[in-house]
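Written below as structure tokens is the structure these notes are about.
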Amino acid sequence: MATDKKLSDVTRKIDDFNDETKLNLKLHVEHELHEHKKILPHGLSYGSLHEAIEREVDQRMDKFTKNTDLKPKELYAYLELQLAEKPSLSKRQLHYLAYDHLARETSNHFLKKMFKKMRRRMK
């Protein structure tokens with residue numbers, strides 16, 4: 001039961017991270033649009049431009065967050081199996097195995113690259 005609680009906490013943190021990233025990106029786009037209003041041609045409908053940008057940001061962030069499903073229960077089961085096979089694994093070795101597993105399992109190229117980099121740092 002405690003494991004399920006911990007895993008649901010991890011899932012919630014991932015969702016919170018995705019929501020925070022989406023908000024930060026939108027705020028950055030808002031700031032950039034505001035800064036560049038001065039150089040955009042006059043007569044351009046800023047409202048429709050803003051809406052088009054918002055839609056594009058939403059679509060890209062939705063695509064990104066769909067690809068960031070890290071499946072914490074699957075990762076936990078994998079690490080539990082590794083630990084059962086080799087009980088002497090250190091925390092560092094478990095981190096390495098976790099990054100390796102996540103790099104193999106994700107379809108998101110950005111995350112795959114990040115996990116591989118983190119895995120190399122664990123050597």
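Values in this document were obtained by computation on a predicted structure and should not be read as measured data.
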Quiz item: Any side-chain heavy-atom pair from L111 and L102 closer than 4.5 angstrom?
Solution: no
Quiz item: Which atom names give the shortest non-hydrogen contact between L94 and L79, and what distance separates them?
Solution: O-CD2, 3.7 Å
Quiz item: To the nearest 0.5 Å, how far apart are CZ in R121 and NE2 in H95?
Solution: 13.5 Å
Quiz item: If every non-hydrogen atom of Y78 is compared with every non-hydrogen atom of L97, which pair is closest and at what distance?
Solution: CE2-O, 3.7 Å
Quiz prompt | Heavy-atom side-chain contact between E74 and H101 under 4.5 Å | solution = yes
Quiz item: Taking C-beta and beyond as the side chain, do R120 and K116 meet within less than 4.5 Å on heavy atoms?
Solution: yes
Quiz item: How far apart are the closest heavy atoms of K112 and A103, and which atoms are they?
Solution: NZ-O, 3.0 Å
Quiz item: How about K113 and H109: do any of their side-chain heavy atoms sit closer than 4.5 Å?
Solution: no
Quiz item: Mind checking whether Y96 and R92 have side chains closer than 4.5 Å, heavy atoms only?
Solution: no
